[in-house]
**Q** 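The structure's right below; bear with me while I get my questions together.
Both counts, for ligands and for their atoms, begin at 1 and track the order of listing.
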Amino acid sequence: MTDMPAIGVLGAGAVGQAIAGALVTSRFCGELLIASRTIDQAAALADDLDDMRLTLGSPTRPRACRSTDLAGCHALVIAARARFTNHHRADVRMGGAVANGALIRALAQDVVADCPGSVLVVTNPVDLMARLLAETSGHRHVYGVGSSLDTARYRLLLARHLGVPADQIAGHVIGEHGDAAVLCTTTTTVTGAPLPAPLPLADIRAALTRRPDQIRAGIGRTRTGPAGAVLAALRHVLGRGGHDLIELSRPWRDGVWLGLPISFAEHEPCVRMPRLSAAEAHQLDAAVAKLAAAYQPLAHLNPIGEPL
Ligand SMILES: NC(=O)c1ccc[n+]([C@@H]2O[C@H](COP(=O)([O-])OP(=O)(O)OC[C@H]3O[C@@H](n4cnc5c(N)ncnc54)[C@H](O)[C@@H]3O)[C@@H](O)[C@H]2O)c1
């Protein structure tokens, strides 16, 4: 691969815009291809990014294209969202499963099946959508952005509580990117030592669950946090993440996809499951059961969201 990969972003909405902006400012890629529901939307974002490129002197060259032209990219980010009204008040991300499932199924056939590069799914519910994309397209290198953002938020909240810099906290959130997330507290460390006891872990979990809602309440959408998680994931899938772990959505037991700590060697992912306490293992089992049940109806949808 060249030093400056070509990256495709599908979906020019709030998250797609933040990802594309971060790619230009970070000088991460050479070509940046943008596709969205309409070519006008993609062209508008590409123009805005081009202004940014010139003002910053960034080497990244944004260009609008049709979704079928994204196949040549070294990595493709899927940040599209179907049009639907989310009626879920709890477990909000699951509210998009059927509508986004139909979109993902169509993309799997029309775009991803011919794409040689890695594919990173952001669309929620991300664990289900990554699995659906992989199983429908047959593509080997599909990853969901998974619980990496939850992990960053967990470390931030813990650091704030303990009054230490966040980079002194090491630990993972695994399982669902959603209500069935598993906080791996047993193996979490602060400056290399186990977590001090007692800790208000229930409060930290509640704050973690509330955080995206609070961001949405204030600014409408979560966008820059997810964009950071996507750039970190792109570094790893493109072989630039070193030996660090990142919590991406990949298959675990019974074909269920969920967030797992992963390292990459020669572009191949390897799961590095931390030691779990009995309670954490039980929570992971619950996440597997929840995601397995939620996937069943999606496995039988046609591209317009009707049962096959
Ligand atoms: N996994 C995570 O950590 C995480 C975090 C935040 C958001 N998300 C998810 O990311 C997705 C995007 O969020 P958003 O806030 O940007 O939504 P948005 O509604 O602002 O944007 C969605 C974009 O998708 C485009 N689109 C729709 N159908 C398309 C198609 N067939 N082909 C190409 N583009 C299409 C729309 O035109 C729109 O520009 C949502 O599913 C959201 O839940 C995930």
Side-chain angles (χ1 to χ4, degrees), residues 8-22 33-46 48 64-70 76-86 88 91-112 119-133 142-154 173 175-179 181 208-209 211-216 219-234 246-249 257-259 303-305:
V9 175
L10 189 119
V15 174
Q17 290 171 25
I19 294 167
L33 299 183
I34 313 278
S36 200
R37 183 189 285 122
T38 67
I39 189 74
D40 288 350
Q41 207 176 42
L45 177 55
D48 202 27
C65 67
R66 303 198 180 274
S67 53
T68 44
D69 297 331
L70 292 168
L76 172 58
V77 180
I78 301 207
R81 178 190 188 274
R83 278 188 177 137
F84 68 97
T85 305
N86 195 336
H88 279 220
D91 222 0
V92 173
R93 299 175 184 94
M94 278 293 173
V98 170
N100 285 335
L103 185 157
I104 290 289
R105 190 178 269 281
L107 293 175
Q109 289 157 1
D110 300 344
V111 181
V112 171
V119 184
L120 193 59
V121 179
V122 187
T123 305
N124 274 321
V126 69
D127 303 296
L128 300 183
M129 296 301 110
R131 177 179 177 183
L132 186 63
L133 189 75
V142 172
Y143 306 90
V145 76
S147 52
S148 56
L149 184 56
D150 310 84
T151 297
R153 289 171 173 162
Y154 167 62
V173 175
E176 188 196 14
H177 172 58
D179 292 8
L208 188 63
T209 307
R211 193 173 171 91
D213 292 338
Q214 285 170 338
I215 293 171
R216 279 193 288 270
I219 56 169
R221 298 286 172 85
T222 60
R223 58 192 90 206
T224 56
V230 167
L231 256 67
L234 283 172
I246 184 159
E247 302 76 13
L248 300 179
S249 193
W257 285 52
L258 38 64
I304 56 168

**Q** Evaluating non-hydrogen atoms only, which member of Asp127, Val122, Thr123 is closest to atom 44 (C) of ligand 1?
**A**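 Checking each option, the heavy atom nearest atom 44 (C) of ligand 1 is found in Val122.
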**Q** At less than 4.0 angstrom from any non-hydrogen atom of Asn100, what atoms of ligand 1 do you find?
**A**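 Those of ligand 1 that fall under 4.0 Å from Asn100 are 41 (O).
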**Q** Look at atom CZ of Arg216 and say whether more than 12 heavy atoms of other residues, nucleotides or ligands are closer to it than 6.0 Å.
**A**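 Yes, enclosed.
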**Q** Can you tell me the protein heavy atom closest to atom 23 (C) of ligand 1 and the distance?
**A** Gly13 N, 3.7 Å
**Q** Look at atom 28 (N) of ligand 1 and say which protein heavy atom is nearest, naming residue and atom and giving the distance to 0.1 Å.
**A**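 For atom 28 (N) of ligand 1, the nearest protein heavy atom comes out as Leu103 CD1, 3.5 Å.
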**Q** Rounded at 0.5 Å granularity, tell me how far CD in Glu247 sits from OG in Ser148.
**A** 6.5 Å
**Q** What atoms of ligand 1 come within less than 4.0 Å of a heavy atom belonging to Thr222?
**A** 6 (C)
**Q** Looking only at heavy atoms, is any part of His177 under 4.0 Å from ligand 1, and if so is it the side chain, the backbone, or both, or is it neither?
**A**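 Contact part for His177 vs ligand 1: side chain (C-beta onward).
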**Q** Starting from atom 24 (O) of ligand 1, locate the nearest protein heavy atom and write down its residue, its atom name and how far away it is, to 0.1 Å.
**A** Arg81 N, 3.2 Å
**Q** Could you tell me the separation between the CG atom of Asp110 and the CG atom of Leu70, rounded to the nearest 0.5 Å?
**A**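 CG of Leu70 is found 12.0 Å from CG of Asp110.
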**Q** Using modelled atom types and a 3.5 Å cut-off, is there a donor and acceptor pairing between side-chain atoms of Asn100 and backbone atoms of Arg81?
**A**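 Answer holds: no.
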**Q** Sub-3.5 Å donor-acceptor pair from the side chain of Thr38 to the main-chain atoms of Gln41, do we have one?
**A**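 Present.
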**Q** At what distance, to the nearest 0.5 angstrom, does CG of Asp213 lie from CD1 of Ile215?
**A** 9.5 Å
**Q** Side chain or backbone, does Val15 bring an N or O within less than 3.5 Å of an N or O on ligand 1?
**A** yes
**Q** Taking Gln17 for its side chain and Ala12 for its backbone only, find out whether a donor-acceptor pair lies under 3.5 Å.
**A**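 At least one qualifying donor-acceptor pair exists.
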**Q** What atoms of ligand 1 come closer than 4.0 angstrom to any heavy atom of Arg221?
**A**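 Contacts of ligand 1 toward Arg221, numbered from 1: 14 (P), 15 (O), 17 (O), 18 (P), 19 (O), 20 (O).
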**Q** Please report which non-hydrogen protein atom sits nearest to atom 34 (N) of ligand 1, along with the residue it belongs to and the distance in Å to one decimal place.
**A** Arg37 N, 3.2 Å
**Q** For Pro226, counting its heavy atoms only, list the atoms of ligand 1 lying under 4.0 Å from any of them.
**A** 5 (C), 6 (C)
**Q** Can you report which non-hydrogen protein atom sits closest to atom 41 (O) of ligand 1, along with the distance?
**A** Asn124 N, 3.1 Å
**Q** What residue and heavy atom of the protein are closest to atom 37 (O) of ligand 1, and at what distance?
**A**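 Ranking protein heavy atoms by distance from atom 37 (O) of ligand 1, first comes Gln41 OE1, 2.8 Å.
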**Q** If you measure from OG on Ser249 to CG on Leu133, what distance do you get to the nearest 0.5 Å?
**A** 11.5 Å
**Q** Which of the atoms of ligand 1 are close to Ala79, meaning less than 4.0 Å from one of its heavy atoms?
**A**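 In order of number, 12 (C).
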**Q** I need the Thr222 OG1 to Gln214 CD distance, nearest 0.5 Å.
**A**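 It is 12.5 Å, given to the nearest 0.5 Å.
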**Q** Look at the side chain of Ser147 and the backbone N and O of Gly175, then say whether any donor-acceptor pair between them is shorter than 3.5 Å.
**A**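 Checking the backbone N and O of Gly175 against the side chain of Ser147, no donor-acceptor pair under 3.5 Å is found.
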**Q** Please report the interatomic distance OG(Ser36) to CG(Leu10), rounded to the nearest 0.5 Å.
**A**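 CG of Leu10 is found 7.0 Å from OG of Ser36.
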**Q** Could an N or O of ligand 1 be found under 3.5 Å from any N or O of Ala14, whether backbone or side chain?
**A**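 Yes - when backbone and side-chain N and O of Ala14 are compared with those of ligand 1, one distance drops under 3.5 Å.
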**Q** Which ligand 1 atoms are under 4.0 Å away from a heavy-atom of Val145?
**A** 1 (N), 2 (C), 3 (O)
**Q** For ligand 1, which atoms, with element, lie under 4.0 Å from some heavy atom of Ala12?
**A**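 Going through ligand 1 atom by atom, the ones under 4.0 Å from Ala12 are 39 (O).
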**Q** Under 4.0 Å from a heavy atom of Ala80: give me the atoms of ligand 1 that qualify, with their elements.
**A** 11 (C), 24 (O), 26 (N), 34 (N), 35 (C)
**Q** Starting from atom 33 (C) of ligand 1, find the nearest protein heavy-atom neighbour and note its residue, name and distance.
**A** Ser36 C, 3.4 Å
**Q** For His177 and Asp127, what are the C-alpha separation, side-chain angles and deciding distance, and is it a side chain to side chain donor-acceptor pair (under 3.5 Å)?
**A** CA-CA 7 Å; His177 172 58; Asp127 303 296; over 6 Å; no
